[in-house]
2 protein chains.
Amino acid sequence: MKRPTIADIARKAGVSKGAVSYALNGQPGVSDATRQRIVAIAQEIGFNPNSAARALSGASARAVGLTLCRPARILSIEPFFMGLISGFEQELAARSYALTLQVVATPQTETEVYRRWWGERRVDGVFVTDLRENDIRIPVLNELQLPAVVIGGPGDTGELAQLWSDDAGAITEAVGYLMALGHRRIARVGGLPDLLHTQTRTRAFTEVCAKLGLSEAITVPSDYTGEEGGRATRRLLINAERPTAIIYDNDVMAVAGLSVAQEMGLSVPGDLSIVAWDDSPLCSLVHPPLTALSRDIAAYGAHAARQLLAAIAGEPVGDVEEGTAHLTPRGSTAPPREN
Amino acid sequence: MKRPTIADIARKAGVSKGAVSYALNGQPGVSDATRQRIVAIAQEIGFNPNSAARALSGASARAVGLTLCRPARILSIEPFFMGLISGFEQELAARSYALTLQVVATPQTETEVYRRWWGERRVDGVFVTDLRENDIRIPVLNELQLPAVVIGGPGDTGELAQLWSDDAGAITEAVGYLMALGHRRIARVGGLPDLLHTQTRTRAFTEVCAKLGLSEAITVPSDYTGEEGGRATRRLLINAERPTAIIYDNDVMAVAGLSVAQEMGLSVPGDLSIVAWDDSPLCSLVHPPLTALSRDIAAYGAHAARQLLAAIAGEPVGDVEEGTAHLTPRGSTAPPREN
DNA sequence: TGAATTTACTGAACCGGATAAGTGACGCGA
DNA sequence: TCGCGTCACTTATCCGGTTCAGTAAATTCA
């Protein structure tokens, strides 16, 4: 089956290729009557502009890219990215931009993918997640002048637009809530320590605990996997002075932590309260359901997509802080047992 | 920054554009010495062929598409798709094919996306998941002659290649195992009933139970979500003659089922054994860890990608049944308690 | 009424590769 | 030594859009 081209439309309408192009793109240079005739013919024969031809003649590729740099077994279970992607799509689909995905092993490979995409003119811009300190991807993107939105800061991204969520506010709310319940020994199982937003959270956690008079605000670094999250929990709970509440940097680790606590014979929330950061259906699935810091990840992604499209369009795009996650109390938190 | 083109390379090497194209694509028509010189220059200036130009001059778009038709909240937590995507990427990245993703709401929209992708010449082929009975996507793909691999059959797909896993074998193994433990009342919480592979599983479950002499092999339909899985579990367990073992069509529902059982005061595996279909890290996270039907989903995806690339290359591609999932016994299964 | 401007187009160049057709130079067999 | 085939290229065309320069007709304005 042959794909219809603007030449086909031009022939049918009895005009030139150029006129068809103007008509379909809403450019001036054709009369309303002709435009309507051309649009009708395009509709009728099911015309879709060849994206390659379009991209080649200097216009945009109408595609944006996302690289995911996590091992497959983490990606498969981590709800965050799929939520983010769903959010991207809401905006992208509406303007018929395609999303190109690539799973990579290292940040080094990510920069290579950016270079290739740029060279191939495959994408008009990219989403950057998991910002690190002195992130090697940032200078590459700046050098290539490839529009990008960086998710997971704030950090030093040069000219690139950024989007992050108010992690300090969220952790203040969580710690305040646990203290109001009567907890005094609160620990945190953190995400990958080299990610910038993990560092932001750690700093905020330490500060807010200090301000509220909690002497020992321990953060155990972890890596977002259930195994590590469980291991970190075990380390925390074998202490004589074990915490009465633990905040986890993602839901997967929180579920693992819950499981470890139950396995050690501790009751949740009686002996240990648990708060999960990011509220996926996972949190409501387990028993007891987990108190979580909820934020609308799809909305977060949609916002990022709008920013990226604006950056691609050449509009000035500032850095944006998304709203604070709010606490959704469920069965995993309660006042600590007197002992 | 200007992208290097073959014209730049041609100028540097003192040859024509055509020679460069032949040299870089391994075509005959240039001497080894010249070829090496050209390749070296391309390397040096970091040349990547413009994908649009390539696609336009009749070659392939070097991209394949995947549409995902599940609501965001299911996608985010369902580990299957991310595992599949990781598998796709293993093969695609190796041959520098891009993966274009689109999240859609209905199968109807999927067909529209296929038409658009075809018209735009954006992809060379597509992955089709969640095959249904009389699936409306199949005739569209056959009409467009768009290469495709259908995952989740077997079913009637005309000329399109198919890949499915041996669900009957897997369920035979699971039921056999539970019977060997002494279970006689085994139920199943199924996935979306209109998906073909769910129907295959249901049929196989009924058959194998009948063959092994289990009179009541109930399948409760569900939709892969935790909520529905939990609800279905509750319905099963309030029966006087409640099952002593339940097989779930995915891990999310199994986890939810576990949670419901515990909430109802039933011990797992003492009062109820649980088997999950598809073994994600989720199964090892909960307490007790879930016995699961494990299959290598990434390998499944990689296999599908190889098939799709072969179909795109015009090679004959037959239907393939992937290996049977094997049972990984964990703490959620045990002999039923005497009562 | 004639000149200037605007409208509604057409024709052709261009983007950057792939590729068919053409062209010398060279080697080799008769 | 002629003719033929092969090699190593070059030249030119094509893919399907976008866009700029040009043009004839219609309209505006003095």
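Below, read A as the first sequence line, B as the second, and so on, with proteins coming before strands; counting in each chain starts at 1.
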Asks: With respect to the phosphate group of C:dC15, does any side-chain polar atom (N or O) of B:N50 fall under 4.0 Å of OP1 or OP2?
Replies: no
Asks: For C:dG17, does the base pair up with any side-chain atom of B:K17 as donor and acceptor (N or O, under 3.5 Å, distance only)?
Replies: yes
Asks: Would you find a donor on one side and an acceptor on the other, under 3.5 Å apart, between the side chain of A:D296 and the backbone of A:A298?
Replies: yes
Asks: By the 4.0 Å heavy-atom rule, please label A:S51 as base, sugar-phosphate, or nothing.
Replies: nothing
Asks: Report the distance from atom CD1 of B:I38 to atom P of D:dC9, rounded to the nearest whole Å.
Replies: 8 Å
Asks: Are B:R54 and C:dA18 close enough that a side-chain N or O sits under 4.0 Å from OP1 or OP2?
Replies: yes
Asks: Charged N to carboxylate O under 4.0 angstrom, A:E143 versus A:R115?
Replies: yes
Asks: Can you tell me how far C1' of C:dC15 sits from CZ of A:R122, to the nearest Å?
Replies: 17 Å
Asks: Hey, which of these two, A:A19 or B:R35, hits DNA chain D nearer its 5' end, going by closest nucleotide?
Replies: B:R35
Asks: Are A:L66 and A:T129 side-chain neighbours, meaning at least one heavy-atom pair lies under 4.5 Å?
Replies: yes
Asks: Which residue pairs satisfy the side-chain hydrogen bond (donor to acceptor under 3.5 Å, both in side chains) criterion with at least one member in residues 30-41 of chain B, sequence neighbours excluded?
Replies: B:S31-B:T34
Asks: Looking only at side-chain N and O atoms, does A:S31 come under 4.0 Å of OP1 or OP2 in C:dC9?
Replies: yes
Asks: Would you tell me if any nitrogen or oxygen in the side chain of B:S57 comes within less than 4.0 Å of OP1 or OP2 on C:dA18?
Replies: no
Asks: Without decimals, in angstroms, what is the distance between B:I6 CD1 and D:dC15 P?
Replies: 18 Å
Asks: Can you find a side chain N or O atom of B:S21 that sits less than 4.0 Å from OP1 or OP2 on C:dA18?
Replies: yes
Asks: Nearest whole Å is fine: how far is D:dC15 P from A:D8 CG?
Replies: 11 Å
Asks: Whether the B:T67 and B:Q102 side chains hold a donor-acceptor pair (N or O, under 3.5 Å, no angle test) is what I'd like checked.
Replies: no
Asks: Roughly how many Å is it from CZ in A:R3 to C1' in D:dG16, rounded to a whole number?
Replies: 12 Å
Asks: Between C:dG16 atom P and B:N25 atom CG, what is the distance in whole Å?
Replies: 17 Å
Asks: Please give, in whole Å, the distance from D:dG16 C1' to A:R121 CZ?
Replies: 16 Å
Asks: Under 4.0 Å, counting only non-hydrogen atoms across every strand here, what does A:T5 touch: a base, just sugar-phosphate, or nothing?
Replies: sugar-phosphate
Asks: Using the side-chain hydrogen bond (donor to acceptor under 3.5 Å, both in side chains) definition, which of the options A:E321, A:R295, A:E322, A:H197 pairs with A:S165?
Replies: A:R295
Asks: Between the opening five pairs and the closing five pairs of the helix from C:dT1-D:dA30 to C:dA30-D:dT1, how far apart are the helix axes, to 10°?
Replies: 50°
Asks: Report which part of the nucleic acid B:V15 touches: base, sugar-phosphate, or nothing (heavy-atom distance under 4.0 Å, all strands).
Replies: sugar-phosphate
Asks: DNA chain C: B:Q27 or A:D32, which has the more 5' nearest nucleotide?
Replies: A:D32
Asks: So, under a plain 3.5 Å distance rule, would you say the side chain of B:Y22 forms a donor-acceptor pair with the base of D:dC7?
Replies: no
Asks: For a side-chain hydrogen bond (donor to acceptor under 3.5 Å, both in side chains) check, start with the C-alpha distance between A:R137 and A:N142, then their side-chain angles and the critical distance, and finish with the verdict.
Replies: CA-CA 9 Å; A:R137 298 168 298 175; A:N142 275 314; over 6 Å; no
Asks: Quick one, B:I85 and B:L101 - any side-chain contact, counting heavy atoms below 4.5 Å?
Replies: yes
